Every structure is written in C-alpha cells, then in structure tokens.
Amino acid sequence: MEHLDAASLRQRPAPAANTRLHQTHATGSHTRKRLLLVALKLFGERGYANTSTRAIAQAARVNIASISYYFDSKEGLYCAALDQLVFASRLDVSALTAPGQSIGTLLHDLFSSLLAPLRKGRTAGFAVRLCLHELIAPTPVCRDKIAPVIRDSHQALIGVLRSHIGASDAHEDVSRLAFTILGMAIQPLMMRDVIDGIHPGLLQSDAALDSWIARMVEGSTAMIAAEQRRLAMLSGT
C-alpha cells in the first residue's frame, strides 16, 4: 500500500479536475479579453449602432453566445469597452488639487494622466477612436462614463488655475484657459495615426511621449503666465 506523506503529496500532479478547472478559467479569461479588444476596435471604427454582436463574435472567432455569457448584452460589452478607456485616462483629481505642489508638477500629472492610453500600444488607437465616436455621436452611456471624466478634469484644472492666477471667482477667461490647456492633450490622442504618418516617432515610445508632455507643460505654463499678466492689467494691479 502506497504511503502518502507530505513529500509525496507535493510531488503528485494536481488532480485532473483542478487542471481542467484552471484551463477553463484561463480559456475564459482569454475569450473575454479577446472579445473586449475586438469590441474596442470595431466600435471605434464603426460606432455603436453600426457594429453587430455577430460581427464582433466573428472577428474574435468565438461563439456569439460568449457575449451574453461574459457581458450580458451588446450594451454591456460597449460599457466594458468604455470602462477600459475611462480607467486608462482617469485623472487623479486629488493629486491635481494637492496643496504645496508647483504648477509645473500639477500640469505634468494632468497631461500624464490624460495621455496614459497612448502607452497602451494598439489598444490605445481603438479606445481613442471609440472616444471620438462618442464625442461626435454620443450615446446615453457617454453621459454616465465619459462626460464625468471630462467635467472632473475641467473643474479640477479651473481650481488650480484660479489659485495660481489669483482669480477670485470662476471667471470665463479661466474656464477658457482650462479648455485650451486640456485641448493640448486632445490632439495626440485623436490624431495618433495622422501624427505617425507625418512624423513617425513622436509618439512611438515612452521617452518620446515624455518629451511631448514636457513641451505641453512648458506651453501651458507660458499661457498661464500670460493670462495672469493680462488679468492683472485689467484689474489695475
């Protein structure tokens, strides 16, 4: 009769049932990720209305029932795709509003957060196209997922600018300046393919992206200083 001690148990392979369970879980995780990646690509290229679940399933090479299994519905899959975009670029508002930091550090954190999707490789292009579709032809989901991210970023930046410039209220010029600064991050996000076609290499590595962010910080700092001087002249101080 075989003696089962601790050493022999450690040497034994896992039971077949556990192995099958692990393989099933790994396969399921792979299927879900593949569906999500394909959905990002197709939704980004065609928009929500023009993308069918059948097209997604065929492109992902999975059974169409997998969409219902992992995401409940087409809308659930679309929400999950938007979550990928929002999670990658969500701004840490608490870091932006932390006291004692220089305006340069705050702006660097802002641009680093907003441009984080560009560090995700090809997935970033799919996500950005999806965001562009939402900006052009927003779905109801946009109100719940993308709009709050834009609003939070804008309001946090307004607070930083008001404090730095010394504006006592939410002056429309401060809001305009905030939109201008945030707009600097929109171009590399929305025009990645165009930029790569005109000048390859500007966004194709982390170091290149860091250089772009540094130029954004410098440009934003100059605009803030100019606005500060302009408002000072208007107020006669």
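Fair warning: this is a prediction, and the values are worked out from it, not measured in the lab.
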Within the 4.5 Å heavy-atom criterion, are Ser73 and Ile67 side-chain neighbours or not? no
Nearest-0.5 Å distance, OG1 of residue Thr51 to CD of residue Glu45: 8.5 Å
Is a side-chain N or O of Arg34 found less than 3.5 angstrom from the main chain of Ala60, in a donor-acceptor match? yes
Pair Ser112-Ile213, side-chain contact (heavy atoms from CB on, under 4.5 Å): steps then yes or no: CA-CA 7 Å; Ser112 295; Ile213 290 172; 3.9 Å; yes
With rounding to the nearest 0.5 angstrom, report the CG to OG distance, Asp210 to Ser205. 8.0 Å
Check whether any side-chain heavy atom of Leu110 lies under 4.5 Å from a side-chain heavy atom of Leu182, and answer yes or no. yes
Working to the nearest 0.5 angstrom, can you tell me the gap between Met191 CE and Leu203 CG? 11.0 Å
Transitively linked via ILVMFWY side-chain contacts under 4.5 Å: Val194 with Leu202? yes
Determine the minimum heavy-atom distance between Ala208 and Gly201, stating which atoms define it. CB-O, 3.3 Å
Could you give me the CA-CA distance, side-chain angles and deciding distance for Phe111 and Leu106, then say whether side-chain contact (heavy atoms from CB on, under 4.5 Å) is met? CA-CA 9 Å; Phe111 289 127; Leu106 294 172; over 6 Å; no
Where do Leu177 and Ile165 land on the side-chain contact (heavy atoms from CB on, under 4.5 Å) test, with the steps shown first? CA-CA 11 Å; Leu177 178 59; Ile165 293 174; 3.9 Å; yes
Counting only pairs under 3.5 Å, give me each side-chain donor-acceptor contact of residues 215-226, with atom names and distances, residues two or more places apart or in other chains.
{"unit_1": "Arg215", "atom_1": "NE", "unit_2": "Glu218", "atom_2": "OE1", "d": "3.2"}
{"unit_1": "Arg215", "atom_1": "NH1", "unit_2": "Ser211", "atom_2": "O", "d": "3.4"}
{"unit_1": "Arg215", "atom_1": "NH2", "unit_2": "Glu218", "atom_2": "OE2", "d": "3.1"}
{"unit_1": "Ser220", "atom_1": "OG", "unit_2": "Met216", "atom_2": "O", "d": "2.8"}
{"unit_1": "Thr221", "atom_1": "OG1", "unit_2": "Val217", "atom_2": "O", "d": "2.7"}

Once rounded to the nearest 0.5 Å, what's the spacing between atom CZ of Arg119 and atom CG of Leu209? 4.5 Å
Answer yes or no: is there a side-chain heavy-atom contact under 4.5 Å between Cys79 and Leu82? no
Any chance you could measure Leu37, atom CG, to Ile56, atom CD1, to the nearest 0.5 Å? 11.5 Å
Donor-acceptor pair, side chain of Ser163 and main chain of Val160, under 3.5 angstrom: no
Residues Leu36 and Ala81: closest non-hydrogen pair is CD1-N, 3.7 Å
Do you know the tightest heavy-atom contact between Ala178 and Leu157? O-CD2, 3.6 Å
Any donor-acceptor pair under 3.5 Å from Ser66 side chain to Val62 backbone: no
Output for pair (Arg54 CZ, Ile64 CD1), nearest 0.5 Å, gives 4.5 Å
N/O donor-acceptor pair under 3.5 Å between Gln228 side chain and His164 backbone: yes
Tell me, do Tyr69 and Leu35 make a side-chain contact under 4.5 Å, heavy atoms counted? no
If you draw the axis of the six-membered ring of Phe43, does the NZ or CZ of Lys74 fall within 45° of it and under 6.0 Å from the ring centre? no
Do the side chains of Leu161 and Ile181 get nearer than 4.5 Å, heavy atoms only? yes
